[in-house]
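All remarks here apply to the structure that follows.
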Amino acid sequence: MAESQDQLEIKFRLSDGSDIGPKSFAAATRIAALKESILAQWPKDKEYGPKTVKDVKLINAGKILENNRTVGECQSPLCNPPGGAMALYYYVLLH
């Protein structure tokens, strides 16, 4: 997956090990918008799924991401080496 200055390719890893994505998002995209995207793309064949954005938690680099933060603000230097290719996964938890 490639990264540009303004766009990030993100996969969402579900608790059963399946993925949603990858999909490209602007670095200025809010975490709440990512959650809305997950709701829209949630696999219809899954028995349980989120009903609202409040039902979804996103985790990256061991941290639960806050809705008002942007994707760019939540990047981790450990996960995203400068100038290199990256695999950016956000883990999805339901509550």
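All values reported here derive from a predicted model rather than from experimental measurement.
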Distance col, row Ile64:CD1 vs Leu58:CG, nearest 0.5 angstrom, shows 10.0 Å
For a 4.5 angstrom cut-off between non-hydrogen side-chain atoms, does Leu34 reach Leu65? no
Drop me the distance from Leu8's CG to Thr29's OG1, to the nearest 0.5 angstrom. 8.5 Å
Output the distance between atom CG (Asp55) and atom CD1 (Ile38), rounded to the nearest 0.5 Å. 12.0 Å
Does a side-chain heavy-atom distance below 4.5 Å link Glu36 with Val53? yes
Measure across Lys11 and Gly21 and return the closest heavy-atom pair with its distance rounded to 0.1 Å. CG-C, 4.0 Å
Compare every heavy atom of Asn60 with every heavy atom of Cys74, then report the nearest pair and how far apart it is. O-ND2, 3.4 Å
Interatomic distance, CD1@Ile59 vs CZ@Arg13, rounded to 0.5 Å, equals 13.5 Å
Using every non-hydrogen atom in the two residues, find where Ile20 and Pro43 come nearest and quote the distance to one decimal. CD1-CD, 4.0 Å
In Å, rounded to the nearest 0.5 Å, how long is the span from OG of Ser37 to CZ of Phe25? 3.5 Å
Locate the shortest heavy-atom distance separating Trp42 from Gly49; write the atom from each residue and the value. NE1-CA, 3.5 Å
Minimum heavy-atom distance Ala26-Val71, with the two atoms named: O-CB, 4.1 Å
Backbone N or O of Val56 within a donor-acceptor pair of the Lys35 side chain at under 3.5 Å? yes
Ignoring hydrogens, what is the shortest heavy-atom contact between Asn67 and Arg30? Give both atom names and the distance. O-CB, 3.9 Å
Over 12 non-hydrogen atoms of neighbours within 6.0 angstrom of NZ in Lys46: yes
